[in-house]
Structures are given as structure tokens and as C-alpha cells.
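Since the structure comes first, as C-alpha cells, the remarks are kept for the end.
These numbers were taken from a predicted model, which means no experiment stands behind them. Every number for a ligand or one of its atoms is a count from 1 in the order of the listing. What's counted below: heavy atoms across the whole structure, side chains too, no hydrogens, waters or symmetry copies.
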Amino acid sequence: MSHSDLVIVKTKNPKPKPDPNRLAFGKHFTDHMFVMDYTRDKGWHHPRIIPYGPITLDPSAMIFHYGQTVFEGLKAYRTEEDKILLFRPDKNMQRLSRSSLRISIPPLDEELVLSYLKELLHIEQDWVPSAEGTSLYIRPFVFASEANLSAVPANEYTFIIILSPVGSYYPEGIHPVSIYVEEVFTRAVRGGTGAAKTAGNYSASYIAQEKAAKKGHTQVLWLDAIEKKYIEEVGSMNIFFKINGEVITPALSGSVLEGVTRMSVLELLKDWGIPVVERKISIEEIKKAYENGLLEEAFGTGTAAVISPVGDLNWNETKMVINHRQTGDLAKKLYKTLTDIQTGRQADPYNWTFPIDE
Ligand SMILES: *Cc1c(COP(=O)(O)O)cnc(C)c1O
């Protein structure tokens with residue numbers, strides 16, 4: 001199979017573009033989507049770009065019953081020169097393969113998928129918004145589409161890429177959030193699916209998310225499932241702490257999702273000569289650092305918000321207010337550097353950005 005198999009069917013009814021200043025996350029979708037099928041005998045085949053719209057599935061489609069599915073999330077940005085840039089899409093494609101392997105989904109050809117994505121973006125380029133902080137969110141996903149109730153890996157899958165213009169995560173400027181440390185529920189456990197970007201990890205986490213929201217907090221901080229001691233991640237972001245001048249992020253334990261933003265932050269910090277380590281870190285250690293006045297900053301990292309500073313961390317009866325609920329200097333510098341590289345405002349010495357041909 002090669003790119004020349006790609007079939008393109010353009011819509012006859014292009015939609016009006018939404019108001020770029022009022023873009024809610026994941027509510028608006030572009031005119032076209034990419035679709036490809038898999039069967040055991042043909043492998044991945046029939047790549048096509050078609051008008052965006054509902055799909056039909058048999059009620060016995062295996063995705064509904066056993067949740068065999070993986071997804072990705074990345075963004076395309078419009079530069080001041082009207083170029084369109086992707087940020088490290090190769091890393092998302094590699095992660096899609098790793099997630100697929102874990103969920104027993106047949107892998108896609110990473111380079112080929114990236115070339116289809118570029119083709120889709122080429123067609124949809126007018127949908128990449130230009131207002132400050134906006135971007136085109138890209139959601140590739142694969143699911144078991146075979147009609148069959150057997151609890152075994154499916155013989156048929158569908159791969160789809162949809163695109164959604166999204167607004168600034170921080171319409172009123174970057175601001176710290178309140179975090180609740182979850183002690184009862186678990187998101188993921190070593191040997192489980194925590195390191196794969198798969199739907200079940202999300203549905204398993206909602207109950208704690210609802211609990212945190214009821215208590216007035218924005219996000220959940222997850223502890224390891226076995227000892228309930230070590231920090232894993234926060235909501236759907238990886239987490240970093242700055243303690244006494246050193247930056248610490250939980251090591252990839254097998255149950256932590258390896259974020260592309262996390263990876264990029266680690267590379268930037270090393271480049272800037274800021275001490276940084278990936279290691280196990282317990283919530284008790286954070287509390288001690290806080291009590292000793294050494295907990296300087298905490299922030300989450302992920303594609304949606306890029307950098308999300310933590311204003312307070314709530315663990316049982318302890319409320320740790322971090323940096324007077326102000327965004328720290330390091331969080332600010334990382335946010336500016338990453339978003340400047342993503343939008344082409346700053347040179348990209350790391351070759352992280354991939355242009356889309358116009
Ligand atoms: C996607 C995701 C992240 C962040 O990954 P990025 O590649 O930086 O967007 C972190 N944790 C979880 C659970 C995720 O699903």
C-alpha cells in the first residue's frame with residue numbers, strides 16, 4: 001500500500017467556520033475526515049479522505065463491548081507567516097504504535113499515516129485558526145469495528161482522523177489550578193494499560209474526577225496503584241515539581257502515559273542547564289519539601305494546556321499552596337518557549353516542527 005491509493009472525495013457543502021474567539025474544545029469539526037479499514041486478510045487498506053459525518057456500526061461492533069481502541073492527540077498551528085506547523089507528530093505516531101501493541105490492535109505504518117495526515121491538513125488548511133492561542137486539534141483513533149461478541153481481538157478495525165479548531169486554553173491568561181490527591185481510586189497499574197492512550201483509562205478515572213470537582217478542585221493527582229505513595233500524573237497531564245532548584249518528574253513506571261510535552265520539557269530543561277531528574281517521588285516527599293519551604297513550583301504538561309501550573313495540592317487534611325497560587329517563572333518560561341516554537345514565533349533548534357505544504 002502506498003500514498004497513491006489515497007481516494008479523496010470533497011464535500012459539496014463546506015461548513016461556515018466557527019467564531020475563532022469562541023471556540024470550545026472539541027465542539028466544532030472540519031469538512032473532511034480521513035478513514036482507513038483493516039481486515040485480517042487485506043491488512044490496512046482503502047485510505048480515503050471523505051466528507052466529515054456520522055459512521056455506521058453494527059450494534060455488536062466489538063469496540064462497544066470490549067473497548068478495543070486507542071487514540072492520539074496533537075495540534076497544528078498557524079504561524080504569523082501563514083505557514084502550518086505540526087509539533088513532533090512523529091512522536092504521536094510512535095506512541096500510537098505502542099498503544100496499539102498493548103491493546104492488540106494491528107499497527108499502522110507510522111510514516112504513511114503521517115503523510116495521510118499532512119494530506120488531510122492540506123485540504124483543511126483554512127480551518128487552522130490564527131487567533132492567539134488557537135490551533136487545530138488532531139484526533140487520530142483506531143477501534144475494533146468487527147460485528148462479533150467474542151471476547152478476542154477483532155479481525156476488523158477502522159482508523160479515523162478528525163480535526164477540530166480549538167481556542168486558547170487560557171482565554172484569561174495562564175492561571176494555576178487546584179489539585180486533589182486521590183487516595184481510593186486508581187487510574188492505572190503497572191502491567192495494565194496506563195502507558196497506552198486508550199479510552200478505558202479515561203472512563204476509569206471519571207469517578208475520581210467527579211469527586212474532586214465536588215470538593216472544588218479542578219484535577220486529580222494519581223498515586224501509584226500498589227503502594228498509594230508515589231506520584232504518577234495529574235488528570236490527563238504529566239507532572240513536574242521544582243524543589244530547591246531541582247526539577248523532578250515521576251519516572252515512566254509502566255502505568256504513566258509518556259507525554260510528548262513531558263519529553264519536550266525534559267529536553268528544554270537539560271538544554272538550559274537546569275537540574276532535572278526522572279525518578280520515583282512520593283507524595284510524602286512533596287509534603288516534606290512543602291513544609292520546609294522548598295517546594296517552589298508544580299505544573300502539569302500536555303498538548304491541550306501545554307503547561308498547567310498547580311496553585312494548590314490537597315492531600316487528606318493537608319493543603320499545600322504553591323508559589324502563592326501564582327504561575328512560577330519556570331512554568332512561564334516553558335510555556336512561552338514551547339508555544340513560541342509551536343507557532344513559529346521562535347526558531348526551532350530542535351527540529352520539533354513539521355511544516356505542511358500549501
Ligand atoms: C495524552 C496524555 C498525556 C499528555 O501527553 P501529551 O503527548 O503531552 O499531550 C498525559 N497523560 C495522559 C493520561 C494522557 O492521556
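- Using a 4.5 Å cut-off on side-chain heavy atoms (C-beta onward), I231 and I239 make contact.
- Of all atoms in ligand 1, listed by their number and element, those nearer than 4.0 Å to a heavy atom of R95 are 5 (O), 6 (P), 7 (O).
- At under 3.5 Å, not a single nitrogen or oxygen of R262, backbone or side chain, sits near a nitrogen or oxygen of ligand 1.
- Of the protein's non-hydrogen atoms, S236 O, 3.2 Å is the one closest to atom 10 (C) of ligand 1.
- The N/O atoms of T261, backbone and side chain alike, include one that comes under 3.5 Å of an N/O atom in ligand 1.
- Cation-pi geometry between K333 and W272 is satisfied (NZ or CZ under 6.0 Å from the ring centre, within 45° of the ring normal).
- Residue M237 approaches ligand 1 through these ligand atoms, each under 4.0 Å from one of its heavy atoms: 10 (C), 11 (N).
- Both L163 and F34 are assigned to one and the same hydrophobic cluster, defined by single-linkage of ILVMFWY side chains at heavy-atom distances under 4.5 Å.
- Scanning the protein for heavy atoms near atom 1 (C) of ligand 1, the closest one is K197 NZ, 1.4 Å.
- Outside the 6.0 Å centre-distance limit, the rings of F87 and Y77 are not counted as a close aromatic pair.
- Both Y116 and I8 sit in one connected hydrophobic cluster of ILVMFWY residues. Membership requires side-chain heavy atoms under 4.5 Å apart, directly or through other members.
- Every atom of ligand 1 is numbered from 1 in the order shown, and the set under 4.0 Å from a heavy atom of R187 is 13 (C).
- With hydrogens left out, the protein atom closest to atom 9 (O) of ligand 1 is T303 OG1, 2.6 Å, a heavy atom.
- Ranking protein heavy atoms by distance to atom 11 (N) of ligand 1, first place goes to E233 OE1, 2.5 Å.
- Close approach of ligand 1 to Y202 (heavy-atom distance below 4.0 Å) involves ligand atoms 14 (C), 15 (O).
- In terms of polar-atom proximity, N92 is not counted as a contact of ligand 1, lacking any N or O under 3.5 Å from an N or O of the ligand.
- Cation-pi contact between K75 and Y137: absent, since separation from the ring centre below 6.0 Å together with deviation from the ring axis within 45° is not met.
- Summarising the hydrophobic clusters (Ile, Leu, Val, Met, Phe, Trp, Tyr; side-chain heavy atoms under 4.5 Å, direct or chained), the residues clustered with V9 are V7, F29, M33, V35, I50, Y52, I55, L57, I63, F64, F71, F141, F143, I160, I162, Y202, Y206.
- Close N/O approach between N238 and ligand 1 is not found [any backbone or side-chain N/O within under 3.5 Å].
- For G259, no nitrogen or oxygen atom sits less than 3.5 Å from a nitrogen or oxygen atom of ligand 1, counting backbone and side chain alike.
- Taking each of L257, V260, N201 in turn, the one with a heavy atom nearest to atom 7 (O) of ligand 1 proves to be V260.
- Side-chain atoms of Q342 and T353 form no donor-acceptor pair, as typed in the model, at a separation below 3.5 Å.
- Here N316 pairs with E183 under the side-chain hydrogen bond (donor to acceptor under 3.5 Å, both in side chains) rule; sequence neighbours left out.
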